[in-house]
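Structure record follows, encoded as structure tokens.
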Number of protein chains: 2
Amino acid sequence: MSNQAVINKRLSGLDEILDKSAQLMAHMGYHGTSMRDLAQVTGRSLSGLYHYFSNKEELLFLINQRGFTSLLKMSNDLLKQDLTTKERLSGLISNHVSYFIDHLSEMRIMTSGSMEMNEQRSHILWKLKEEYARLGQNIVGNYMREQAETDYSEDAIIRKTFLLYGMMNWIFGWYSEQEHGAAKDVSDDIFRTFTCGCCSTE
Amino acid sequence: MSNQAVINKRLSGLDEILDKSAQLMAHMGYHGTSMRDLAQVTGRSLSGLYHYFSNKEELLFLINQRGFTSLLKMSNDLLKQDLTTKERLSGLISNHVSYFIDHLSEMRIMTSGSMEMNEQRSHILWKLKEEYARLGQNIVGNYMREQAETDYSEDAIIRKTFLLYGMMNWIFGWYSEQEHGAAKDVSDDIFRTFTCGCCSTE
DNA sequence: TAAATTAACGAACGGTCGTTCGGATAATTA
DNA sequence: TAATTATCCGAACGACCGTTCGTTAATTTA
């Protein structure tokens, strides 16, 4: 097996652990999920898990890091395309909502803070989150300044961006595919509501 | 001391415990907060806590029940007043946001689900939540149907209401009074954004 | 004041927690 | 094939968990 394949195999094993752990932790909470629980759902022994990470806290970190890195990559790819401001905003929302709905468990963990982590790890996550937040704020700010003749303060734009992310991040509190439609329906609804208000049909 | 005073004293003791427990649990999570931690922050002994509730799960239940009951009472009071549909929506948002900002820790717990509770208790909370949700859906539905000539499906209104509550319930993820203004500024922003879109100055 | 109730406590219980260790097995490399 | 490395495991460690018990102090009631 080639070197890359080894790495892939390893990452594949880790990825599977991260997925299943996130699913359990999303239901039971970080402290409410024991290493023995995780060993069971991943089909491994308790001590065998420590081959993939050095302790439980690092597992939580890896789940967060992987998620935010994916979100960031998607959004950076979006910025590379030649799009209008409106299309950028629409794309940002669509990306975020799709990823959210496809990774409900991970996102539940990612949106519940990182109080349990040491300073270095939470700093790394904080930087990722901030980069992602700033990216969103820029897109929202460009859209708002382009649409309206009035100028907006930086604070106003930041707060408005938080409102947008609130609509998206609250999804885990209610969404089910059969009841509330496909991801595209939800992201369209959010885009219309955010740009034109709740009664818009545009 | 009168009977009522006794009850007040007792409730006062319990209320203080619920407040301080909610504050700690909001930071550390339910499982991440030990009864010994709670004993310390409430200035009581470990075993002394069990005078006020029979176990840790009931404490979590009481925090949730008290919160949702307060929210429901506020909103029911609102419906008793003679207001326009628009004023009702504005009042609903204002009430929710004010309570949220004044009780950030409790709301963080209340919005993080009730997976840890037994069937009977979580059913009681589920009923409270549903009553509060339906109340919001009615107000939002009335507003939307009144504003637009087109008709909206029940599902569309429900989803739109979730978007509104998303903007409000995400507050704990970012709000600080010094950075983001008073509660009234936030609720005004949410009302305008929800009714007329992000660029509205209404 | 006597009785009754409320509020509070220290000590201890069995159980579960995260983590470690030494060694086994499987896969890859030289 | 031999050496090396990646996976994986059972057993055990001390620490901490939620809860219970018997008892005492404080407060209210009769």
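Not measured: the values here are computed from a predicted model. Computed over heavy atoms, backbone and side chain alike; hydrogens, waters and symmetry mates excluded. To find a chain, count down the sequence lines: A is the first, B the second, and so on, and within it residues start at 1.
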Sequence neighbours left out, cut at 3.5 Å: what donor-acceptor pairs do the side chains of residues 66-75 of chain B make with other protein atoms?
unit_1  : atom_1 : unit_2   : atom_2 : d
B/Arg66 : NH1    : B/Asp15  : OD1    : 2.8
B/Arg66 : NH1    : B/Asp19  : OD1    : 3.2
B/Arg66 : NH2    : B/Asp19  : OD1    : 2.8
B/Arg66 : NH2    : B/Glu106 : OE2    : 3.1
B/Thr69 : OG1    : B/Gln65  : O      : 2.6
B/Ser70 : OG     : B/Arg66  : O      : 2.9
B/Lys73 : NZ     : B/Asp77  : OD2    : 2.9
B/Ser75 : OG     : B/Leu71  : O      : 3.2

Practice item. Report the distance from atom CE of A/Met168 to atom CG of A/Leu92, rounding to the nearest 0.5 Å. Key: 5.5 Å

Check your understanding: Between B/Glu146 and B/Thr85, do the side chains contain an N or O donor and an N or O acceptor separated by less than 3.5 Å?
Key -> yes

Practice item. Applying side chain to side chain donor-acceptor pair (under 3.5 Å), run through A/Lys160 and B/Thr193 and close with a yes or a no. Key: CA-CA 8 Å; A/Lys160 209 70 100 168; B/Thr193 304; 3.1 Å; yes

Practice item. Please work out which residues in residues 30-39 of chain A have a non-hydrogen atom less than 4.0 Å from an atom of DNA chain C and list them by number. Key: A/Thr33, A/Ser34, A/Met35, A/Arg36

Check your understanding: Closest nucleotide of DNA chain D for B/Leu46 versus for A/Leu46: which of these residues is on the 5' side?
Key -> A/Leu46

Practice item. Report the distance from atom OH of A/Tyr50 to atom P of D/dG10, rounded to the nearest whole Å. Key: 15 Å

Practice item. Would you kindly say whether A/His180 and A/Asp185 are connected by a side-chain donor-acceptor distance under 3.5 Å? Key: no

Point to revise | Short side-chain donor-acceptor distance under 3.5 Å, B/Ser90 and B/Glu87 | key: no

Exercise for review: Would you mind reading off the distance between B/Glu116 atom CD and D/dC17 atom P, rounded to a whole angstrom?
Suggested key: 16 Å

Review point. Looking only at side-chain N and O atoms, does B/His51 come under 4.0 Å of OP1 or OP2 in C/dA7?
Key: yes

Practice item. Would you kindly check whether a donor in the side chain of A/Ser47 faces an acceptor in the base of D/dG10, or vice versa, at under 3.5 angstrom? Key: yes

Exercise for review: Check the distance between C/dG18's P and A/Met28's CE and give it to me in whole angstrom.
Suggested key: 12 Å

